[in-house]
Amino acid sequence: MLFAVLALACIALGVYFAVDNPESITPRFAGYDLFPGSVGFWLIGFLLIGASLGFLVSLLPYWTERRRVKALERQLLRVERELQTVRRQVAGE
């Protein structure tokens with residue numbers, strides 16, 4: 001519930017910012033002119049793009065650790081099978 005209220009407050013603040021800055025600009029990105037839009041629109045747009053890219057980059061360590069955990073689980077399974085084999089050999093002697 002708190003997250004929803006915070007999200008609505010951020011959206012309202014963004015809309016207010018976009019309405020309060022109606023000047024039109026045409027930003028250049030990587031040498032190309034983007035389409036004209038208000039200052040508020042472009043700032044909020046690039047903020048959302050940056051936040052999304054930051055979130056995706058923050059997932060890289062998660063994916064790396066997930067792969068590592070799966071490899072360690074496979075190794076543990078192999079060692080447990082080997083241990084069972086050794087126990088059977090010792091018990092059979």
Side-chain angles (χ1 to χ4, degrees):
M1 182 69 172
L2 179 63
F3 181 72
V5 171
L6 185 61
L8 286 175
C10 288
I11 291 170
L13 185 64
V15 168
Y16 173 75
F17 182 78
V19 170
D20 202 34
N21 292 291
E23 297 85 17
S24 183
I25 61 169
T26 304
R28 292 180 56 91
F29 184 72
Y32 297 100
D33 286 337
L34 302 176
F35 62 90
S38 71
V39 173
F41 168 78
W42 282 111
L43 284 175
I44 291 171
F46 280 114
L47 174 69
L48 291 174
I49 290 170
S52 299
L53 287 175
F55 175 73
L56 289 175
V57 168
S58 73
L59 288 177
L60 290 175
Y62 169 75
W63 289 329
T64 303
E65 287 301 314
R66 190 169 147 197
R67 282 186 31 221
R68 183 170 175 257
V69 165
K70 288 185 185 251
L72 288 172
E73 286 174 345
R74 286 191 302 270
Q75 182 181 1
L76 178 62
L77 187 60
R78 281 193 306 265
V79 170
E80 285 176 344
R81 281 191 214 134
E82 183 180 335
L83 179 61
Q84 287 175 357
T85 303
V86 169
R87 282 183 179 161
R88 273 188 249 129
Q89 288 175 352
V90 169
E93 290 181 2

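Atom set for the values below is all heavy atoms of this structure, side chains included, hydrogens, waters and symmetry mates excluded.
For the pair Glu73 and Lys70, the salt-bridge criterion is not met [side-chain N within less than 4.0 Å of a carboxylate O].
Remark: Phe17 CZ to Ile44 CD1 distance equals 6.5 Å, nearest 0.5 Å. The structure places CG of Leu60 at 12.0 Å from CD of Glu65, a figure rounded to the nearest 0.5 Å. We find the OG1-CG distance between Thr64 and Leu59 to be 10.5 Å, quoted to the nearest 0.5 Å. If you take CZ on Phe35 and CZ on Phe41, they are separated by 4.0 Å, rounding to the nearest 0.5 Å. From Leu48, atom CG reaches atom OG of Ser52 across 6.5 Å, with rounding to the nearest 0.5 Å. From Leu53, atom CG reaches atom CZ of Phe46 across 11.0 Å, with rounding to the nearest 0.5 Å.
No path of Ile, Leu, Val, Met, Phe, Trp and Tyr side chains, each step under 4.5 Å between heavy atoms, connects Val15 with Leu43, placing them in separate hydrophobic clusters. Transitive grouping of hydrophobic side chains (ILVMFWY, heavy atoms separated by less than 4.5 Å) brings Ile49 and Trp42 into a common cluster. Under the 4.5 Å side-chain heavy-atom criterion for ILVMFWY residues, no single connected hydrophobic cluster contains both Ile25 and Tyr32.
Heavy atoms only, all atoms of each residue included: Ser58 and Pro61 are closest at O-CD, 3.3 Å.
Side chains of Arg78 and Glu82 form no contact here, defined as non-hydrogen atoms less than 4.5 Å apart.
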